[in-house]
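Remember, predicted model here, so these are calculated numbers, not experimental data. Per chain, numbering begins at 1; letters A, B, ... match sequence-line order. Only heavy atoms go into these numbers, but all of them, side chains included; no hydrogens, no water, no symmetry mates.
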Number of protein chains: 2
Amino acid sequence: MAQCSISNNIRRLRFDHDEMTQKVLAEMVGVTRQTIVAIEKGKYSPTLELAFKISHVFKMPLEEVFSYIKNEEKGDTK
Amino acid sequence: MAQCSISNNIRRLRFDHDEMTQKVLAEMVGVTRQTIVAIEKGKYSPTLELAFKISHVFKMPLEEVFSYIKNEEKGDTK
DNA sequence: ACACTATGTCAATAATTTTTGACATTTACT
DNA sequence: AGTAAATGTCAAAAATTATTGACATAGTGT
């Protein structure tokens, strides 16, 4: 679960949507502002539920908000 | 994060894909068999990363493997 | 009967995400 | 100057997901 990265364009989508603030988005999806910051900055990726909720806010398919970039693992860790 | 549910058709997709076993799917996405069991049975929903990986295995868009069902909270009747 | 595979479950632990509360910076407005 | 809003960061704790190892059941085949 560690060797793959997920990127998103939440920041751009926020501004496309009338410059919605992090605080407002956080309230709309029911998490704290820090969670939105962390996801936007790529500190970690959200749960599936949160990803669905965020996509919902922007009325876009999940895969247009979040993209999965596969990192090839070189060996199985066990 | 509490008032929404996520369902999936992993079990059906496994059988559509040559009766792929839970063990094989687990190995393909790099988690244990128990994790696949728990997700299939709806004990909890996967991380976004794992959801992407599973969709990848079945070569389907994430939203055709997992569906998000919004539970109305009291007061919000939309 | 015995072995084997696939599925399901349980409890304890590890790993990751989210919360809480605090504080700093920048920008804009009076 | 001072105030407020928006963003960013940090650390500790809570909540959720994933792992490990064990065991149970049903089905298949020998």
Side-chain angles (χ1 to χ4, degrees), chain A residues 1-58 62-63 65-71 73 75-78, chain B residues 1-58 62-63 65-71 73:
Chain A
M1 210 87 349
Q3 304 314 96
C4 70
S5 53
I6 287 179
S7 64
N8 69 81
N9 14 53
I10 294 175
R11 187 164 1 197
R12 179 155 46 78
L13 288 168
R14 278 199 298 113
F15 284 98
D16 287 353
H17 283 248
D18 203 25
E19 306 201 353
M20 175 188 300
T21 66
Q22 294 175 333
K23 184 165 181 279
V24 167
L25 175 57
E27 285 164 355
M28 290 180 84
V29 300
V31 297
T32 62
R33 190 176 59 82
Q34 282 93 326
T35 299
I36 299 297
V37 173
I39 291 165
E40 268 194 21
K41 306 239 82 180
K43 283 196 162 195
Y44 46 76
S45 38
T47 60
L48 183 56
E49 300 180 1
L50 182 49
F52 266 118
K53 285 186 178 179
I54 292 172
S55 312
H56 238 262
V57 165
F58 296 124
L62 192 150
E63 286 171 302
V65 180
F66 300 92
S67 359
Y68 170 69
I69 292 120
K70 199 183 339 191
N71 286 359
E73 316 211 17
D76 259 24
T77 38
K78 163 67 199 291
Chain B
M1 205 91 348
Q3 304 314 92
C4 70
S5 53
I6 288 180
S7 63
N8 68 80
N9 16 50
I10 295 176
R11 188 165 0 194
R12 180 152 45 79
L13 287 169
R14 280 197 298 111
F15 284 98
D16 287 353
H17 283 248
D18 203 25
E19 306 201 351
M20 176 187 301
T21 66
Q22 295 175 331
K23 184 165 181 275
V24 166
L25 175 57
E27 284 164 357
M28 290 180 84
V29 299
V31 297
T32 61
R33 188 175 61 82
Q34 282 91 327
T35 299
I36 299 297
V37 173
I39 291 165
E40 268 194 19
K41 304 240 83 180
K43 284 198 158 192
Y44 47 76
S45 40
T47 59
L48 183 55
E49 301 179 1
L50 182 49
F52 266 119
K53 285 187 180 179
I54 292 172
S55 311
H56 238 264
V57 166
F58 296 123
L62 192 149
E63 285 172 303
V65 180
F66 299 92
S67 1
Y68 170 70
I69 292 118
K70 204 189 324 195
N71 285 358
E73 305 230 19

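Computed from coordinates, the B/Met20 CE to C/dT7 P distance equals 11 Å when rounded to whole Å. For B/Ile39 and D/dT19, the CD1 to P distance is 9 Å, given to the nearest whole Å. For B/Glu40 and C/dA6, the CD to C1' distance is 11 Å, given to the nearest whole Å. The CZ atom of B/Arg14 sits 17 Å away from the P atom of C/dT5 (whole-angstrom rounding). As a whole-Å value, the separation of A/Lys23 NZ from D/dG8 P is 16 Å. Rounded to an integer number of Å, the gap from CD1 of B/Ile36 to C1' of D/dA18 is 11 Å. To the nearest angstrom, P of D/dA15 lies 18 Å from CG of A/Leu50. As rounded to whole Å, 16 Å separates atom C1' of C/dG8 from atom CG of B/Leu25.
Candidate nucleotides C/dT18, D/dT7, C/dT20 were compared by shortest atom distance to the side chain of A/Gln34, and C/dT20 ranks first. Residue B/Thr32 has its side chain nearest to D/dT19 when only D/dT9, D/dT19, D/dT17 are considered. Among the nucleotides C/dT19, D/dT7, D/dC10, the one closest to any side-chain atom of A/Lys43 is D/dC10. Side-chain proximity of A/Val37 to C/dT17, D/dT17, D/dT9: nearest is D/dT9.
Residue-to-nucleotide contacts include no donor-acceptor pair under 3.5 Å from the side chain of A/Gln22 to the base of D/dG8.
OP1 or OP2 of C/dT18 lies within a sub-4.0 Å distance of a side-chain N or O belonging to A/Thr47. An OP1 or OP2 oxygen of C/dT5 is reached within less than 4.0 angstrom by no side-chain nitrogen or oxygen of B/Thr21. An OP1 or OP2 oxygen of C/dG8 is reached within less than 4.0 angstrom by a side-chain nitrogen or oxygen of B/Arg11.
Side-chain atoms of B/Asn8 come within 3.5 Å of backbone N or O of B/Ile39 as a donor-acceptor pair. Of the possible donor and acceptor atoms, one in the side chain of B/Arg14 sits under 3.5 Å from a partner among the backbone N and O of B/Met20.
Between A/Leu48 and B/Pro46, the closest heavy-atom pair is CB-O, 3.3 Å. Residues A/Phe66 and A/Ser55 come closest through the heavy atom pair CE1-OG, 4.1 Å.
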Exercise for the section: Mind running side-chain contact (heavy atoms from CB on, under 4.5 Å) on B/Val57 and B/Lys53 for me, showing each step along the way? Expected result: CA-CA 6 Å; B/Val57 166; B/Lys53 285 187 180 179; 5.9 Å; no

Exercise for the section: Would you check, one step at a time, whether the test side-chain contact (heavy atoms from CB on, under 4.5 Å) holds for A/Ile36 with A/Val29? Expected result: CA-CA 10 Å; A/Ile36 299 297; A/Val29 300; 4.2 Å; yes

Practice task
Under the side-chain contact (heavy atoms from CB on, under 4.5 Å) rule, what do B/Ile69 and B/Ser7 come out as? Steps first, then yes or no, please.
Solution key: CA-CA 8 Å; B/Ile69 292 118; B/Ser7 63; 3.6 Å; yes

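Pairs of residues two or more places apart, or lying in two chains, that qualify as salt bridge (Lys or Arg N to Asp or Glu O under 4.0 Å) and include a residue from residues 18-30 of chain A are A/Lys23-A/Glu27.
A 4.5 Å side-chain heavy-atom check between A/Thr21 and A/Leu25 finds every atom pair outside the cut-off.
A/Phe52 and B/Tyr68 have parallel rings, their planes meeting at less than 30° on a 0 to 90° scale where 60° marks the start of perpendicular.
Among the heavy atoms of the strands lying under 4.0 Å from B/Thr35 is at least one base atom, whether or not backbone atoms are also near.
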At a cut-off of 3.5 Å, list every protein nitrogen or oxygen paired with a nitrogen or oxygen from nucleotides 26-30 of chain D, distance to 0.1 Å.
none

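At its two ends the helix from C/dA1-D/dT30 to C/dT30-D/dA1 runs along axes set 30° apart, each axis drawn from five pairs and the angle rounded to 10°.
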